[in-house]
2 protein chains.
Amino acid sequence: MNKQPKYRQVADVLRREIANGDFPPGARLPSESELQQRFDASRNTVRNGLSLLVSEGLISSSQGLGYEVKSHEVFELNASKFENLNFPQNGDAYNTNVTSAGRRPHQTFRVEMLPASEEIADRLKVTAGTKAVLRFCHRYVDDVPWSTQATYYPSWLVDGSPRLAEPGDIEEGTTRYLAARGIEQVGYFDEIAARMPTPEEARLLEIGAGVPVLLWTRTGYSAERPIRCTITTFRGDLNRMNYEIGDLTARSENEPQ
Amino acid sequence: MNKQPKYRQVADVLRREIANGDFPPGARLPSESELQQRFDASRNTVRNGLSLLVSEGLISSSQGLGYEVKSHEVFELNASKFENLNFPQNGDAYNTNVTSAGRRPHQTFRVEMLPASEEIADRLKVTAGTKAVLRFCHRYVDDVPWSTQATYYPSWLVDGSPRLAEPGDIEEGTTRYLAARGIEQVGYFDEIAARMPTPEEARLLEIGAGVPVLLWTRTGYSAERPIRCTITTFRGDLNRMNYEIGDLTARSENEPQ
DNA sequence: CTGCTCAGCTTGTTGGTACAAGCTGATGCA
DNA sequence: TGCATCAGCTTGTACCAACAAGCTGAGCAG
């Protein structure tokens, strides 16, 4: 007989009931005091069980309101379609993506110059501490924080393309602007990782407990060397990244059905 | 004056000290009772703070031992190089990948036939509930659980390629076996998501609290239709997925330096 | 009818206690 | 020497109590 601790039993029962649909997304769970009676446990024990489910990302709590079952409609991000010359700019892709989903995009933007961290310098193949230009974007969908995007450009590149270091949008898109100045991006290397958010990330993305962030690092290359590095953070529960590789005519043919 | 709750202060101070390097990866934190004295807080409060750091994936605890700062060496997974005819089988890629990193691969394997879930049926473009063959792999590196991989084949495909439904490896690789029977995989569609593990996943991957899983769903297509769907789960803290897109000669040229 | 206050619900924070259970090293016996 | 035991550390589980703070609806004052 493998006796589980009581707080785990509480979590297990509630988890199964949520999976069953007894508590559909958006529904409120019974209050802590009700659960105390139901499971004949102290408040702390019930809270321990509930906090397990919170950290699994299944439910969330708010003071005064109670515990609510989270819903998760995911947003699809087609990463293999971004940033070619015909469909040039990240910002554009974001705007069209969001707008075509019938939602409202909104972003804040800033530019700064700072020494490259080891991580960035490594990817840009420059010496750590070298100055780099950071173009930073904080994106919202329907006023809900969606992603942060930090793009770093090495200083040698900025010397010949000074508008990168100026605040404000580059209307034609950075990729096109660079191409016009002889810097053509011909390939990129993507890295995708997941982890729990830092407090800073949790604040920017308004992430509650139990929600990981997706980290997407894209390093763009010209034929000669790396020209930029973009680090994007997403809420893991609301986003999914897609890559199309090879011939997918079979997929797109059947899609409209 | 924005007074943070005491347990958050505890977490913030320790988090900064960990980031500072006061407690390097592998080091043990002071015990709960020491922290009680240092922060003049009750044991519950200290534990609350520590559990925050645990759920951020920064530290882990074990009964009798204490709290330890986690290290995270990541394993790189080049997803855009898998599964073409020259380098055919997932299993092969895993074995060579792991062996070339100087580590020891080990896997368990099983085959079963079961009705397709909605998720699988949708991707394989068959009716939900149709029979599908599941080939399931549980992979270890140096006896540490690394990933679970479930590949589903639609029954119409299995009819013409019966070895898929038989237990035991297909030596030449499933991709090559299928190609020999006229089913050529010409493209695939990848979806990558992150979330907190289910208890089942946490058990299989021996994941502690605060570690998300990376979910990699790859649907393979012939020129006509989807032929398989592979769902792989990884420990998010130990793995990173890579995609190479376009021309990356600049990257590989400089790599050996 | 409008708008405010407040009782009464909810969860959040902090303190306390007690015992269970896992680990380690010292002690002491054979 | 070698092995078993156990004291004394660690975290894990479970209980209790009290007050803070956020939310909602009832009910009262204007």
Side-chain angles (χ1 to χ4, degrees), chain A residues 1-14 18 23 26-70 199 202-203 206-211, chain B residues 1-14 18 23 26-70 199 202-203 206-211:
Chain A
M1 185 59 188
N2 45 19
K3 189 177 177 313
Q4 287 259 41
K6 200 186 273 189
Y7 76 100
R8 278 186 190 280
Q9 296 178 28
V10 172
D12 289 345
V13 168
L14 291 176
I18 290 171
F23 301 107
R28 266 190 53 194
L29 289 186
S31 74
E32 290 177 354
S33 59
E34 286 176 276
L35 293 173
Q36 278 185 63
Q37 293 183 19
R38 172 169 173 200
F39 291 103
D40 187 31
S42 75
R43 188 176 166 213
N44 280 343
T45 302
V46 168
R47 280 176 68 82
N48 270 339
L50 288 166
S51 75
L52 259 190
L53 299 184
V54 169
S55 72
E56 287 171 19
L58 273 180
I59 63 178
S60 65
S61 69
S62 29
Q63 196 169 353
L65 279 174
Y67 292 82
E68 186 172 306
V69 179
K70 295 214 290 189
R203 193 179 58 78
E206 285 173 24
I207 289 183
V211 177
Chain B
M1 186 56 188
N2 44 20
K3 190 178 178 312
Q4 287 258 44
K6 201 185 270 189
Y7 77 100
R8 278 186 190 280
Q9 296 177 30
V10 172
D12 289 345
V13 168
L14 292 176
I18 290 171
F23 301 106
R28 264 190 53 193
L29 289 187
S31 72
E32 290 177 354
S33 59
E34 286 177 276
L35 294 174
Q36 277 185 63
Q37 292 181 21
R38 172 168 173 201
F39 291 102
D40 186 32
S42 73
R43 190 175 167 216
N44 280 341
T45 303
V46 168
R47 280 177 67 82
N48 270 340
L50 288 167
S51 75
L52 257 190
L53 299 183
V54 169
S55 72
E56 286 171 18
L58 273 178
I59 62 177
S60 65
S61 70
S62 29
Q63 195 169 355
L65 279 175
Y67 292 82
E68 186 172 307
V69 180
K70 295 214 290 189
R203 192 179 60 78
E206 286 174 25
I207 289 183
V211 176

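Just so we're clear, the structure is a prediction, and the values are computed from it rather than from any experiment. Below, chain A is the first sequence line, B the second, and so on; all start at residue 1.
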Are [X] and [Y] side-chain neighbours, meaning at least one heavy-atom pair lies under 4.5 Å?
X	Y	value
B:R38	B:V13	yes
B:Y7	B:S42	no
A:L29	A:L50	yes

At 4.0 Å (heavy atoms only), tell me whether B:T45 reaches a base, stays on the sugar-phosphate, or touches nothing.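 Answer is sugar-phosphate: B:T45 comes under 4.0 Å of backbone atoms only.
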Interatomic distance, [X] [atom1] vs [N] [atom2] [rounded to whole Å]:
X	N	atom1	atom2	result
B:N48	D:dA14	CG	P	16 Å
B:L50	D:dT13	CG	P	15 Å
B:R43	D:dC15	CZ	P	16 Å

Contact interval (first through last nucleotide) of DNA chain C with protein chain B, 4.0 Å heavy-atom: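 Both ends considered, the range comes out as C:dT13 to C:dT24.
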Using the closest heavy atom to pick a nucleotide of DNA chain D for each, name whichever of B:S33 or B:N44 lands nearer the 5' end.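 Closest to the 5' end, via its nearest nucleotide, is B:S33.
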Assign each of A:D40 and A:L65 to its nearest nucleotide of DNA chain D by heavy atoms, then name whichever residue's nucleotide is nearer the 5' end.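 Final value for this comparison: A:D40.
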Below 4.0 angstrom, N of the basic side chain to O of the carboxylate: do B:E32 and B:R43 qualify?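 The answer is yes: the pair qualifies as a salt bridge.
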Drop me the distance from B:F39's CZ to B:E34's CD, to the nearest 0.5 angstrom.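 Going from the CZ atom of B:F39 to the CD atom of B:E34 covers 11.5 Å.
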N or O in side chain of B:R47 less than 4.0 angstrom from D:dG12 OP1/OP2: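 B:R47 to D:dG12 OP1/OP2: side-chain N or O found under 4.0 Å.
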Kindly say whether A:D40 contributes a backbone atom to a donor-acceptor pair with the side chain of A:K6 at under 3.5 angstrom?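 Answer holds: yes.
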